[in-house]
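Report on one structure; see the data block that follows.
Every heavy atom of this structure was used, including side-chain atoms; hydrogens, water molecules and symmetry mates were not. Labels below follow one simple rule: chain letters A, B, ... track the order of the sequence lines, proteins then strands, and each chain is numbered from 1.
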Protein chains: 2
Amino acid sequence: MATIYEVAALAGVSPATVSRVFNGNTVSEEKQRLVRDAAQQLGFTPNKTARRLRKQSSEIICLLVPDIENPFFTALARGVEDRAQESGFSVVLCNTDDDPAKELRYLQIAASEHMAGVILSPASDEVDLGAIASLGRPVVAVDRTTPYPVDAVKIDNRAAGIAATTALVEAGFRRIACIAGPAGIEETEDRYLGWKQVVTARKTLVRDGFLQHANFRVDGGRAAMNALLDLVQPPDAVVTTNNLMAIGALQALHEAGIDPEDFGVAVLGELPYLLPPPSSVVQVRLPARHLGRTAATMLLERIGGDTQPLRTVVLRAEIARPPLSL
Amino acid sequence: MATIYEVAALAGVSPATVSRVFNGNTVSEEKQRLVRDAAQQLGFTPNKTARRLRKQSSEIICLLVPDIENPFFTALARGVEDRAQESGFSVVLCNTDDDPAKELRYLQIAASEHMAGVILSPASDEVDLGAIASLGRPVVAVDRTTPYPVDAVKIDNRAAGIAATTALVEAGFRRIACIAGPAGIEETEDRYLGWKQVVTARKTLVRDGFLQHANFRVDGGRAAMNALLDLVQPPDAVVTTNNLMAIGALQALHEAGIDPEDFGVAVLGELPYLLPPPSSVVQVRLPARHLGRTAATMLLERIGGDTQPLRTVVLRAEIARPPLSL
DNA sequence: GTGCTTGACGAAATCGATTTCTTGCACTTT
DNA sequence: AAAGTGCAAGAAATCGATTTCGTCAAGCAC
């Protein structure tokens with residue numbers, strides 16, 4: 001890899017001039033040409049590490065998501081990536097497994113790697129954004145918020161919960177349960193509140209045990225569904241607060257030999273790659289990609305020096321009935 | 001962020017000593033303690049950028065995949081990540097969209113960022129590994145190989161194709177078509193050859209048009225399936241060479257009102273999150289995660305200075321019949 | 001006691017860019 | 001003509017670590 005010094009030597013100028021050529025500063029036409037020719041000839045690419053050390057910043061955005069295998073988050077990542085590319089930034093995607101320790105570790109890396117900013121879906125309320133914050137690096141929370149004063153992009157989770165539940169009520173179901181995520185995660189908490197609001201307002205039957213907490217994964221959804229089916233008076237429909245848990249719930253229904261046409265299922269999120277789902281499945285589409293794109297836009301604005309007051313952007317989910325893209 | 005100089009000043013030693021403490025060199029007990037205390041007190045973390053500039057290398061692995069939204073590749077990424085973590089390495093995940101230009105761009109970034117090594121699924125045969133290679137950074141090709149002399153981990157694609165097709169034959173299907181990926185990609189080429197070998201050996205009926213090429217995505221699979229169904233004498237079964245195309249094919253079947261029980265479908269790959277697939281769907285499990293883990297292991301060995309001759313590890317796919325994990 | 005080895009450790013060079021000073025020259029301005 | 005202004009461009013400092021080199025003292029052999 002050629003260095004700026006070799007280019008300078010070949011072009012017969014000082015290294016400073018070479019740097020100026022590549023950073024848009026005032027250099028005479030004459031020397032510009034000399035430098036560019038020399039650079040071309042040597043196949044010179046500026047060394048990012050050296051530049052970063054000097055400038056104390058880079059063109060890399062760190063994206064922290066809890067589960068890279070969840071299509072919701074990969075779609076979100078695509079949104080971030082597309083937007084970042086447009087501005088010449090690269091994205092580093094890191095998987096936290098919803099583990100605060102891993103999360104902290106990546107945040108420290110982001111800091112010591114001089115990354116330009118961080119977009120994250122916090123694993124818990126206790127995220128320590130101290131290190132990043134003290135460096136003055138911008139942070140945008142996405143999908144979930146944090147107690148720290150940072151910009152955020154989220155979904156109107158309660159409205160989504162309301163929409164999903166209402167759809168089930170209107171489809172004629174009267175004993176609607178809810179499979180929510182782990183207690184304490186705001187995102188799922190709000191969705192569950194949406195459910196609660198509707199079942200209360202519509203005076204549908206709610207029994208003890210109709211609210212199940214599960215981890216966000218397929219197995220959690222399945223276990224929760226089984227628990228619901230084991231109730232003395234089981235529900236006739238269920239709202240699941242994320243996509244993977246819905247899959248688990250549908251699997252459990254299938255195993256129990258229940259015809260999905262007879263059991264209402266509403267999902268907050270999309271069922272990825274699903275073959276025609278039973279027509280009673282209601283999907284509330286979460287704009288994952290758009291969420292990512294918006295977060296990236298906000299982050300880039302901050303990186304660019306924008307100092308307007310903190311913002312929280314709330315995106316609305318749209319309800320979709322099957323057959324969706326079919 | 002505290003620097004090594006501040007720590008040195010506080011501990012009353014030279015910066016060199018501080019560095020030595022954190023790099024396992026000979027330092028007296030006494031000063032070790034002094035330095036560690038000082039570091040602790042200041043919350044010192046070594047600046048990775050400076051270190052990288054000096055050492056001309058980092059602890060970051062670059063992983064290039066063609067489609068981050070394909071569960072096959074996220075599983076692979078998990079494998080890489082898990083292994084990397086064990087050795088204290090971080091993984092940067094980049095999406096090439098099967099676009100050689102994007103790929104090249106990322107490879108250049110990997111080079112100028114002094115990343116420790118690269119694991120990639122090449123978008124095409126024309127990948128230019130020149131830049132990376134000339135830096136002496138190790139590269140491991142995964143899932144697909146390249147003409148460049150690098151280590152590789154792949155799947156026995158032909159065997160997988162054979163297994164899938166054979167299963168259909170044994171299930172009694174006699175007009176078996178194949179939906180392959182884009183022509184020219186070795187990975188899909190081999191799988192298709194497996195199909196060809198079996199249909200030839202078993203003398204099943206093969207018509208013009210029974211081999212369809214498609215992009216690797218859902219829409220491609222659907223279009224190909226529709227083309228097959230439009231044939232005058234359509235097939236009674238199909239082998240699809242990747243997971244997403246299978247989804248598309250199944251969608252097309254559904255739209256055409258064909259009962260999936262009557263139409264044989266075999267997939268090279270797993271159908272993610274699928275509700276109980278029609279019992280005639282044969283899935284050949286591709287060990288994606290393991291593929292990633294193996295590639296990471298090989299790369300880390302090279303990074304560690306291993307100079308054994310080039311290796312190509314071939315992993316065998318295992319055939320699975322539904323209901324799989326259900 | 002002299003000479004030699006060994007080990008701890010400080011001084012200074014180094015990685016490769018960016019950026020601040022400075023210098024020198026051309027060109028106005030009065 | 002002297003002084004002031006502006007601008008291109010080189011010299012050198014800087015970012016924060018690692019590493020080479022050299023010094024000094026302790027330990028050991030003869």
Heavy-atom donor-acceptor pair, Arg137(A) side chain to Met115(A) backbone, under 3.5 Å: yes
Short N-O contact, Arg144(A) and Asp190(A), less than 4.0 angstrom: no
Of all pairs that satisfy ring-ring contact (aromatic ring centres under 6.0 Å, His included), the ones with a partner from residues 59-81 of chain B, not counting sequence neighbours: none
Within residues 98-123 of chain A or reaching into it, pairs that qualify as ring-ring contact (aromatic ring centres under 6.0 Å, His included) - sequence neighbours excluded: none
All pairs passing salt bridge (Lys or Arg N to Asp or Glu O under 4.0 Å) where residues 3-25 of chain A contributes a residue, at least two apart: none
Qualifying ring-ring contact (aromatic ring centres under 6.0 Å, His included) pairs with a residue from residues 294-315 of chain A, counting only residues at least two apart or across chains: none
In residues 29-44 of chain A, what donor-acceptor pairs under 3.5 Å come from side-chain atoms, sequence neighbours left out?
from     : atom 1 : to       : atom 2 : distance (Å)
Gln32(A) : OE1    : Arg36(A) : NH2    : 3.4
Gln32(A) : NE2    : Val27(A) : O      : 3.4

Pull out every protein N or O sitting under 3.5 Å from an N or O of nucleotides 22-27 of chain C, one pair per line with the distance.
none

Bend angle of the helix from dG1(C)-dC30(D) to dT30(C)-dA1(D), from helix axes over five pairs at each end, nearest 10°: 50°
Contact residues, residues 26-41 of chain A to DNA chain D [heavy atom, < 4.0 Å]: Thr26(A), Val27(A), Ser28(A), Lys31(A)
Asp67(A) side, atom CG; Asn215(A) side, atom CG - distance, nearest 0.5 Å: 10.0 Å
No-hydrogen, no-angle side-chain donor-acceptor test under 3.5 Å, Ser87(B) and Arg83(B): yes
Residue pairs, two or more places apart or on separate chains, that pass salt bridge (Lys or Arg N to Asp or Glu O under 4.0 Å) and touch residues 102-121 of chain B: Arg52(A)-Glu113(B), Arg52(B)-Glu113(B), Asp97(B)-Lys102(B)
With sequence neighbours excluded, residues passing salt bridge (charged side-chain N to carboxylate O under 4.0 Å, His left out) with Arg289(B): Glu69(A), Asp82(B)
Base versus backbone protein contacts along nucleotides 15-24 of chain D [heavy-atom cut-off under 4.0 Å; B, S, -]: BBBBBB----
Listed partners of Asp143(A) passing side chain to side chain donor-acceptor pair (under 3.5 Å), at least two apart: none
